[in-house]
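What follows is one structure encoded as structure tokens, with my remarks underneath.
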There are 2 protein chains.
Amino acid sequence: MKTKAKDTKPYHHGNLRDALLTAARRLLETEGHSDLSLRKCATAVGVSATAPQNHFANKAALLTALAAQGYAELEAYMRRNSNEAADRNVRRQAALQGYVAFAQDHPALYELMFARDRVSSNDADLMRQVGACFVILADISKDFGQFEGDPASVDAKRQMFLWSLVHGYAQLLTANRFKKDAMLGAGILDIIPDMLIESGR
Amino acid sequence: MKTKAKDTKPYHHGNLRDALLTAARRLLETEGHSDLSLRKCATAVGVSATAPQNHFANKAALLTALAAQGYAELEAYMRRNSNEAADRNVRRQAALQGYVAFAQDHPALYELMFARDRVSSNDADLMRQVGACFVILADISKDFGQFEGDPASVDAKRQMFLWSLVHGYAQLLTANRFKKDAMLGAGILDIIPDMLIESGR
DNA sequence: GTCTTCATGTGTGCAGTGTAAACTTTTTCT
DNA sequence: AGAAAAAGTTTACACTGCACACATGAAGAC
């Protein structure tokens, strides 16, 4: 090295993959999905237009990594205010409200997390993060009784019921499909009938 | 005109807007959303690349029209096997199953119908079709009791509950988020607790 | 009947995109 | 030290949405 300025930009970035993800995340949340391009991420990080190819096989791979990161964050939202609570009711409410809060705070990312043909749904890392979120919901779902069938299918129905309800609520909320005043005042806990909850346990 | 072949393609298409929508619909369902381009629609119809601009201000306008068409079709799915039934229980079940069947038959279109930044959510025609679907669900939702509050907010909660549940179920199903065997066997009616339904009325 | 108007086509051009390929610069491994 | 690999660069190409100028033909005005 010809000992030019000591702080010249190094040829290798050092942590380009993470930097690209961070830039992509910011672009997604500020400009929206349709304005997110690999080239914009690259120039935002200060690197050539094709450098991302060394870290992501294609654009779908980057979006998949972004979605996986989203699920990890969703899990954190659900666990926040939830883990330290001893009361099962409090933990359940905190997790459900955390789920919806995440979707409201990051609507574009949340939509990406369920987009069928933008993320590659067979990615191992993605599915691991999905599973981590599902574990929390599956645990909570045990509070909801009154389904028929053998124990295994009852568990499955509880889980499907709860996830469908909270995901549907979150997406309809962020997609502005709830418009009436009476709707905007109702949170996720308000639309779960009390009679459905087996409070004890 | 030099009286060439009598059946040459006329300069004006005659019904280009509908033809473009049909082509776009086919492209969406066969190639997927990411491979849908205005140019491909144009060439599929046999028209120049920029002809669509005369009928759609931009790509979002075409996608919005496609989504509106999707809501109209969703309504038809819900009304099929539903309108002629006198029994309220039968009509409710037919409508819910029709909703899910539509999402399964047209997953790419269904996803588009809730995509925040691909369709312009302030389109009047789109919102009219959304409203038509919502009316059906709102009617059905009257069967679900046990919410608290004044009558208006109880109605709102019923509607939000039902739409969230069925939309969440439909999307999680088409996005392959239900993976366990016990889940794949459960339909939308199976995950609605019987105790929630006020059968009479 | 001609003329004018205008909706609806076509062609060209441009900035921007994802991705492939060949090359260059570092780091790392032996 | 030298080879190999990792991680950058430049160049190239097909494709996209869209703006703009122009061509065509149908429909109403006179």
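Here is the naming used below: chain letters follow the sequence lines, and residue numbers restart at 1 for every chain.
Across the protein-nucleic acid pair, A:K59 atom NZ and D:dT16 atom C1' stand 12 Å apart, rounded to whole Å. Counting to the nearest Å, the P atom of D:dG17 and the CG atom of B:L27 are 11 Å from each other. Summarising the geometry, the separation between CG on B:L38 and P on D:dC18 is reported as 6 Å, rounded to the nearest angstrom. For B:N15 and C:dA7, the CG to P distance is 18 Å, given to the nearest whole Å. Whole-Å rounding puts the B:Q53 CD to C:dA7 P distance at 16 Å. The nearest whole Å value for the distance from the CZ atom in A:F56 to the P atom in D:dG8 is 11 Å. Remark: P of C:dG18 and NE2 of A:H33 are 10 Å apart, rounded to the nearest angstrom. Atom C1' of nucleotide C:dT19 and atom CG of A:L62 are separated by 14 Å, given to the nearest angstrom.
For the pair B:K180 and A:F134, the cation does not sit on the ring face, since its NZ or CZ is not both under 6.0 Å from the ring centre and inside 45° of the axis.
OP1 or OP2 of D:dG8 has at least one side-chain nitrogen or oxygen of A:H55 nearer than 4.0 Å. Close to D:dT9, at under 4.0 Å from its OP1 or OP2, lies no side-chain N or O of A:T50.
Contact check for B:E111 versus A:R118: side-chain heavy atoms found under the 4.5 Å cut-off. Using a 4.5 Å heavy-atom cutoff, the side chains of A:L66 and A:R25 are in contact.
Remark: the B:N54 side chain and the C:dG9 base include a donor-acceptor N/O pair separated by less than 3.5 Å.
With A:Y110 as reference, A:H167 is the one residue of A:E73, A:H167, A:Q104 to meet the side chain to side chain donor-acceptor pair (under 3.5 Å) rule.
Residues in residues 39-58 of chain B take part in no side chain to side chain donor-acceptor pair (under 3.5 Å) pair, two or more places apart or across chains.
If you find the closest nucleotide of DNA chain C to B:A49 and to A:N58, the one lying nearer the 5' end belongs to B:A49. Comparing B:L36 and A:S48 by the nucleotide of DNA chain D whose heavy atom lies nearest to each, the residue mapping closer to the 5' end is A:S48.
Residue contacts for B:G46: at a heavy-atom cut-off of 4.0 Å it reaches no nucleic acid atom on any strand shown.
Taking every side-chain heavy atom of A:R39 into account, D:dA12 is the closest of C:dT10, D:dT16, D:dA12.
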